[in-house]
Amino acid sequence: MQTLFVELGDRRYPIFIGHQLDGSKLLDQYIQSQQVMIVTNTTVAELYLAHYLKQFQMMGRTVATCILPDGEKYKDFQHLHLIFDALLEANFNRDCTVVALGGGVIGDMAGYAAASFQRGVNFIQIPTTLLSQVDSSVGGKTGINHPLGKNMIGAFKQPEAVIADMAVLDTLPDRELSAGLAEVIKYALLGDVEFLIWLEQNMSKLLDRDREVLAEAVYRCCAHKARIVANDETEKGERALLNLGHTYGHAIESYMGYGNWLHGEAVATGMVMAASLSEQLGWISTEDVARVKDVLIQANLPIASPKIPIDEFLGYMAHDKKVLNGQLRLVLLKCLGEAVITKDFEQSQLIQSIQDNLVA
Ligand code: NAD
Ligand code: GLY
């Protein structure tokens, strides 16, 4: 097992990365409270709830559960409310701990519930998808979707600890594994060209779910994210770089209907569009764009968006949280392994980066 820390002063917290980790030993010191609410969904509950229930019970805690329906389309107010219902029905106090057991949808919703229940209670992340292990469980962004825009309502709420256990990835559907790899590739493109080379060399082992190789990838991504979050917790600056491909991707996700295109798939195509715009600006070469596409194809990810009318695509992009004073800013590539955030591109170039990457 490897342990990383997100250095946030007295809110410093560990990320435990390994396989077949013993949660009861690792978490005991991070859960001060007696009352523990495990939030999960129907799919993950069937696979892992009994195991974690037992671990928390072995720690002598009073455990209640809240099992939500499975899907991005349930990441909304109505289903957030079910978590508050469960907490209140179980008479949970301000010193309780909310545990997210699931992928990014559960992590984002449980985290937002923990941020707002009685103005904030403790929170633990047990991410069970690759995407949530490398990205969403670390850094404290939580929230829900609005029909007009993805992740538009939320709060920053750092967890007390994160447990990323590679063993749970055995049951993850192939398509979800690939979606997680999109976020892994994102870290390489935005800040670490050596990691890109490593990914190109190790992609088949990642797809075969080699636990050692997966753990290495999760460690490298979390180390990168932990550094950025420690410097810029609430995204006043460099944290925005973690959104490479996301502004385009959120437009695809929102237009297609939440859940029809997976978040990671949309981010993959969004990164191709960001690479295309970077090429138009003369920052990266045609060969670099081809290399971005190739590594995404290696990971079985889509590199072109469904045909979305351009006005609607731009309309969704305009809801992005990086829009400041009505001005769209995008994360683009200065070179492979170095991203910047910029508003210095022409509208015609933006449109071309979308239109050049729609399915034929
Ligand atoms: P998800 O939570 O929907 O999980 C994907 C699917 O895998 C679901 O059907 C889930 O039930 C299933 N699943 C989860 N663990 C499993 C396991 N071990 N075995 C079998 N099936 C399993 O999707 P996701 O890709 O984990 O997360 C996407 C969400 O994360 C989006 O809502 C996105 O906005 C959010 N996100 C948040 C951040 C952040 O910083 N907070 C960052 C990136 C993404
Ligand atoms: N997923 C981007 C961030 O956490 O900032």
Side-chain angles (χ1 to χ4, degrees), residues 1-18 21 23-39 52 55-56 59 61 80 83-84 87 92-128 131-144 151 153-165 183 187 191 218-243 321:
M1 185 189 77
Q2 291 180 289
T3 309
L4 271 167
F5 283 88
V6 183
E7 298 292 354
L8 287 170
D10 58 2
R11 290 174 300 121
R12 170 183 205 257
Y13 61 89
I15 308 167
F16 301 113
I17 301 163
L21 301 175
S24 58
K25 281 212 184 89
L26 295 174
L27 288 178
D28 207 24
Q29 60 171 310
Y30 296 97
I31 302 187
Q32 313 293 328
S33 53
Q34 182 60 29
Q35 298 172 320
V36 173
M37 173 66 69
I38 303 181
V39 180
Y52 281 99
Q55 296 210 344
F56 288 112
M59 289 157 62
R61 304 302 200 274
L80 176 73
I83 308 177
F84 299 131
L87 287 161
F92 271 31
N93 311 131
R94 233 177 137 180
D95 63 353
C96 72
T97 297
V98 173
V99 176
L101 174 64
V105 169
I106 287 297
D108 281 10
M109 292 180 79
Y112 190 30
S116 43
F117 182 63
Q118 302 205 24
R119 301 200 181 86
V121 298
N122 288 336
F123 176 44
I124 296 279
Q125 286 268 20
I126 306 182
T128 62
L131 185 142
S132 56
Q133 292 182 344
V134 297
D135 193 355
S136 61
S137 65
V138 173
K141 280 190 184 174
T142 71
I144 55 173
N151 293 332
I153 296 146
F156 284 98
K157 171 71 182 167
Q158 299 296 340
E160 263 60 51
V162 180
I163 294 195
D165 191 330
E183 298 279 11
Y187 286 102
V218 172
Y219 183 90
R220 290 175 83 147
C221 296
C222 287
H224 195 134
K225 183 155 186 183
R227 248 191 334 269
I228 289 187
V229 170
N231 289 336
D232 180 25
E233 182 181 3
T234 55
E235 200 168 306
K236 302 283 186 286
E238 69 170 313
R239 183 162 180 176
L241 299 178
L242 295 174
N243 290 319
K321 291 190 284 302

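Note that the coordinates shown come from a computational prediction; the quantities given were computed from them, not determined experimentally. Values reported hereafter were calculated over all heavy atoms of this structure, with side chains retained and with hydrogens, waters and symmetry mates removed. Note that the numbering runs from 1 along the sequence shown for the chain.
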Side chain to side chain contact (heavy atoms under 4.5 Å, CB included) between M59 and I31, intermediate numbers included
CA-CA 9 Å; M59 289 157 62; I31 302 187; 4.1 Å; yes
Does S33 form a side chain to side chain contact (heavy atoms under 4.5 Å, CB included) with F92? I'd like the steps, not just the answer.
CA-CA 10 Å; S33 53; F92 271 31; over 6 Å; no
Worked verdict on K141 versus N151 for side chain to side chain contact (heavy atoms under 4.5 Å, CB included):
CA-CA 9 Å; K141 280 190 184 174; N151 293 332; over 6 Å; no
Test log, rule side chain to side chain contact (heavy atoms under 4.5 Å, CB included), inputs T128 and L101
CA-CA 7 Å; T128 62; L101 174 64; 3.9 Å; yes
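Separating the CG atom in L87 from the CD atom in Q35 is a distance of 9.0 Å, to the nearest 0.5 Å. In this structure, CZ on R94 lies 10.5 Å from CZ on F117, to the nearest 0.5 angstrom. Remark: M1 CE to I17 CD1 distance equals 9.5 Å, nearest 0.5 Å. Interatomic distance, C222 SG to I15 CD1, rounded to the nearest 0.5 Å: 4.5 Å. In this structure, OH in Y30 is found 9.0 Å from CD1 in I124, a value given to the nearest 0.5 Å. The distance from atom SG of C96 to atom CE of M37, rounded to the nearest 0.5 Å, is 7.5 Å.
Minimum interatomic distance between V98 and V39 (heavy atoms only, all atoms of both residues): CG1-CG2, 3.9 Å. Taking both residues in full, the closest heavy atoms of M109 and I144 are given as CG-CG2, 4.2 Å, listed atom of the first, atom of the second, then distance. Residues A113 and I83 share a closest heavy-atom pair of CB-CG2, 3.6 Å. Of all non-hydrogen atoms in S137 and S132, the two that sit nearest each other are OG-O, 2.7 Å. The minimum heavy-atom distance linking N122 with A114 is given by the pair O-CB, 4.2 Å.
The salt bridge (Lys or Arg N to Asp or Glu O under 4.0 Å) check on E7 picks up R12, with sequence neighbours excluded. When the side-chain hydrogen bond (donor to acceptor under 3.5 Å, both in side chains) test is applied to R61, the partners found at least two apart in sequence or on another chain are D28. Taking the salt bridge (Lys or Arg N to Asp or Glu O under 4.0 Å) definition, one finds that D108 meets it with K75, sequence neighbours left out. For the side-chain hydrogen bond (donor to acceptor under 3.5 Å, both in side chains) test, no residue two or more places apart in sequence or in another chain qualifies with T3. Residues forming a ring pair (Phe, Tyr, Trp, His ring centres under 6.0 Å) with Y187 (at least two apart in sequence, or on another chain): H224.
Side chain to side chain, N231 and E238 meet the donor-acceptor criterion of an N or O pair below 3.5 Å.
Taking the side chain as every heavy atom from C-beta outward, L131 and S136 approach each other to under 4.5 Å. The shortest distance between side-chain heavy atoms of F56 and I38 falls below 4.5 Å. Within the 4.5 Å cutoff, the side chain of D95 has no heavy atoms near those of the Q32 side chain. Two residues are said to be in side-chain contact when any heavy atoms from C-beta on lie closer than 4.5 Å; Y112 and I153 meet this criterion.
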Pairs under 3.5 angstrom only: tabulate donor-acceptor contacts from the side chains of residues 156-164 to other protein residues two or more places apart or in another chain.
residue	atom	partner	partner atom	Å
K157	NZ	V121	O	2.8
Q158	OE1	Y13	OH	2.7
Q158	OE1	G140	N	3.4
Q158	NE2	G139	O	2.7
Q158	NE2	E233	OE2	3.1
E160	OE1	F123	N	2.8

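No donor-acceptor pair closer than 3.5 Å links the side chain of T142 to the backbone N or O of G154. In this structure, Q55 contributes its side chain and G23 its backbone to a donor-acceptor pair below 3.5 Å. Side-chain atoms of Q2 never come within 3.5 Å of backbone atoms of G18 as a donor-acceptor pair (strictly under, hydrogens ignored).
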